[in-house]
There are 2 protein chains.
Amino acid sequence: MADRERWGFELPLLLFAGFRSLIDQLHAELADHGHPELRPVHGFAMQAVGRDGVTASELGRRLGVSKQAAGKTVDRLAALGYAERVSDPADARRKLVRLTPRGQDALVLSGAVFEELRGRWADRLGQERLTELEDALETVVGPAAFGLDAAGWFGD
Amino acid sequence: MADRERWGFELPLLLFAGFRSLIDQLHAELADHGHPELRPVHGFAMQAVGRDGVTASELGRRLGVSKQAAGKTVDRLAALGYAERVSDPADARRKLVRLTPRGQDALVLSGAVFEELRGRWADRLGQERLTELEDALETVVGPAAFGLDAAGWFGD
DNA sequence: CTAGAATGGTCAACGTGGTTGTCGAAAAAA
DNA sequence: TTTTTTCGACAACCACGTTGACCATTCTAG
């Protein structure tokens, strides 16, 4: 919306503002639908757990944090009723982390909200410009974009 | 780079990956130029302090955190040699936080690195598509993009 | 088969950055 | 002048990350 020259420092600010606006709206929506306690970090963790469950060590690898940190996140998720630990009969060392129905619900709901939010961006920009934006971003960040390793990047 | 239909959840991931890639490269560069201790949160805080200095309370307002949290950040910045507190002769309650020369250096360096990084994106995308991306983001996030309130969003 | 290495989970201590609540001193407003 | 507001600090606490250590179990070589 400006043909003025842009500063380099605006780019990260714009990206962050976009990201944050989506995440903030997601969590406002989640809070309105029975999940007020969920934080962004929990969403990432649940996404990494997935439908099949995962061990705490593997979760740590997927999220790019130590297994201890992953274990703590699972503790919180479990305390909030979103995940549970199940012993693995095939390997007495492992404890599978699985999403509870509540956790699955939150994940499904998040997916729906993200679709809705993308729709709003499409209304604002037009499908064309939105796709352009996504493609441009994918060009510069590459497939790394879909790694969930957001270590330490999330808070309230 | 894909004419397939995109999922809503990809958008925040792409934005975050872009943001993070810039910030990570910035701090790698800063570390290589004598500022290995700086964290993203410090950059935001120093930006908010600016050339004129600011009180801890005002800093908190600018960053969207409590004055206590802002005070702690100033403590950390001061311990690292990037900021200092100066008593305000005109108001005995206030203590002006100011950047030290080291702090100013880091800020100037950051600005230069961001220009360089934007240049790399321009090489990849072309000036046209980069400007399109910036404009599209500004359209959806509005002027709010340039608020520095990133409460709790930063870590390592 | 058994000894050693690798893996998984947990405990402890700690660092950083956030929150509230409280408080006294100083300034501003009534 | 009295009351209210503001500023900076202290304390207690929470969330989320880190290392290091440890034990139990499983895998892998010899």
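Order of the sequence lines fixes the chain letters, A, B, ..., with proteins taken first and strands second; residue numbering starts at 1 for each chain. Since this is a predicted model, take the numbers as computed values, not measurements.
- Among the nucleotides D:dC7, C:dA27, D:dG17, the one closest to the side chain of B:A92 is C:dA27.
- At a threshold of 4.0 Å, the pair B:D123-B:R118 does not count as salt-bridged, since none of the basic side-chain nitrogens sits closer than that to a carboxylate oxygen.
- Residues from residues 69-83 of chain B with heavy atoms under 4.0 angstrom of DNA chain C, sorted by number: B:A69, B:K72, B:T73, B:R76.
- Ring geometry for A:F16 against B:F44 counts as perpendicular: the plane angle is over 60°, on a 0 to 90° scale with 30° as the lower cut.
- Between A:T55 and the phosphate of C:dT7, there is no side-chain N or O to OP1/OP2 separation shorter than 4.0 Å.
- For A:R93 and B:L96, each mapped to the nucleotide of DNA chain D holding its nearest heavy atom, the one lying further toward the 5' end belongs to B:L96.
- Separating the CZ atom of B:R62 from the P atom of D:dC7 is a distance of 12 Å, rounded to the nearest angstrom.
- Taking side-chain N and O atoms only, B:K67 has no distance below 4.0 Å to OP1 or OP2 of D:dT6.
- Distance B:L38 CG to C:dG17 P: 11 Å, rounded to the nearest Å.
- The pair B:R129-B:E134 does not meet the salt-bridge criterion, since no charged nitrogen lies less than 4.0 angstrom from a carboxylate oxygen.
- Using a 4.0 Å cut-off between a side-chain N of Lys or Arg and a carboxylate O of Asp or Glu, A:E138 and B:R6 qualify as a salt bridge.
- Between A:R85 and the phosphate of C:dT10, there is a side-chain N or O to OP1/OP2 separation shorter than 4.0 Å.
- When rounded to the nearest whole Å, the span between CG of B:D91 and C1' of D:dT6 equals 8 Å.
- Side chains of A:Q104 and A:T100: no donor on one and acceptor on the other come within 3.5 Å.
- A sub-4.0 Å separation between OP1 or OP2 of D:dA15 and a side-chain N or O of A:H42 is absent.
- For C:dG17, the base has no donor-acceptor partner in the side chain of B:Q68 [N/O atoms by modelled type, under 3.5 angstrom].
- Listed pair A:R61 / C:dT7 fails the phosphate criterion, with no side-chain N or O lying under 4.0 Å from OP1 or OP2.
- The side chain of B:S66 contributes an N or O atom lying less than 4.0 Å from OP1 or OP2 of C:dT19.
- Among the protein residues, A:E58 comes within range of no part of the nucleic acid, since none of its heavy atoms lies under 4.0 Å from any strand.
- One interatomic measurement links the two molecules: CZ of B:F44 to C1' of C:dT16, which rounds to 18 Å at whole-angstrom precision.
- As rounded to whole Å, 13 Å separates atom C1' of D:dC14 from atom CD of A:E37.
- Considering only side-chain N and O atoms, B:R94 lies nowhere under 4.0 angstrom from the phosphate OP1 or OP2 of C:dA25.
- In the model, A:H33 has no side-chain atom that pairs as donor or acceptor with a side-chain atom of A:D105 under 3.5 Å.
- In this structure A:H27 satisfies the ring pair (Phe, Tyr, Trp, His ring centres under 6.0 Å) test with no other residue, sequence neighbours excluded.
- Between the NZ atom of B:K95 and the C1' atom of D:dA9 there is a distance of 8 Å, given to the nearest Å.
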